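Keep in mind that what you see is a predicted model, and the values were worked out from it rather than measured.
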Amino acid sequence: MEIKAAKKEEVKKGKFIAFEGIDGSGKSTQIALLADRLKQSGIRCYPTMEPTDSPIGSLIHQVMTGRMKMDNRVIAALFAADRLDHLLNDIDGILHKINEGITVLTDRYYFSSYAYHSVDMPMEWVIKANEQSSEILRPAVTVFIDVDPDTALERIAKNRFRQELYEKKSRLVKVRENYERAFGLLEKEENYVIIDGSQTKERIAGMVWDAVKGYFD
């Protein structure tokens, strides 16, 4: 009599949630609060961010802090390459984590490129440059924490010793407008929620949870 081995139970894939907003919007705080809540609920969770600390990401960090100078088109291409590596590397890549059943929370994804880099070049070009990433993996939901640039810069001044390349009011105004434009262009393809980031962190955390909890039922 042949005894068939029991099939190994298929691992349920993790969720993928992206957080977006201008610099100083409070994304990292909300990711930390959500990660704690998920872990307390027994949900495995992996917070990450872009640019990464990979070799490509380290180049970007040098540019952002003024240690290197590059053409804006090169910077945009580096972000796109770093994002693909973030998705695909087989050690701690996003796809690897999700396939292991781990929920991934990322601080920035391709909407950041759409908003920031289209200040200097056509948004259509930036969207095309990141097309592989959007085809490989779209977030279950993108959470956009919306704050005005003055509030964002006040927060940055309290928490940073120096400003990075994109942390200027005139640019942040344009970036915020570009986020709105990108969401409008891609409203049929993307699932996103816009949250008022001027409130207390506890209130924002509650709104974030209301926006994402349905993915964990």
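- Note on residues 123-147: pairs passing ring-ring contact (aromatic ring centres under 6.0 Å, His included), not counting sequence neighbours, are F144-Y179, F144-F183.
- Applying the ring-ring contact (aromatic ring centres under 6.0 Å, His included) test to pairs two or more places apart or on separate chains, none has a residue in residues 196-217.
- Listed by first then second residue, pairs satisfying salt bridge (charged side-chain N to carboxylate O under 4.0 Å, His left out) with a partner in residues 201-216 read D210-K213, not counting sequence neighbours.
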Check residues 36-44 and write down every donor-acceptor pair under 3.5 Å in which the side-chain atom is one partner and the other belongs to a residue at least two apart or another chain.
unit_1	atom_1	unit_2	atom_2	d
S41	OG	R37	O	3.0
R44	NH2	E100	O	2.4

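- For S198, the side chain to side chain donor-acceptor pair (under 3.5 Å) partners two or more places apart in sequence, or in a different chain, are D196.
- Not counting sequence neighbours, D90 has no partner by the side-chain contact (heavy atoms from CB on, under 4.5 Å) test.
- The side chain to side chain donor-acceptor pair (under 3.5 Å) check on S134 picks up nothing, with sequence neighbours excluded.
- There is a side-chain donor-acceptor pair under 3.5 Å between H86 and T48.
- Contacts of Y114 classified as ring pair (Phe, Tyr, Trp, His ring centres under 6.0 Å), with partners at least two apart in sequence or in another chain: Y110, F111.
- Taking S118 as the reference, N178 meet the side chain to side chain donor-acceptor pair (under 3.5 Å) condition, with sequence neighbours excluded.
- Sorted by first and then second residue, the salt bridge (charged side-chain N to carboxylate O under 4.0 Å, His left out) pairs involving residues 121-138 (not counting sequence neighbours) are E124-R181, K128-E131, R138-E190.
- Among residues two or more places apart in sequence or in another chain, the side chain to side chain donor-acceptor pair (under 3.5 Å) test is passed with T151 by D148.
- The list of salt bridge (charged side-chain N to carboxylate O under 4.0 Å, His left out) pairs with a residue in residues 47-56, not counting sequence neighbours, reads E50-R83.
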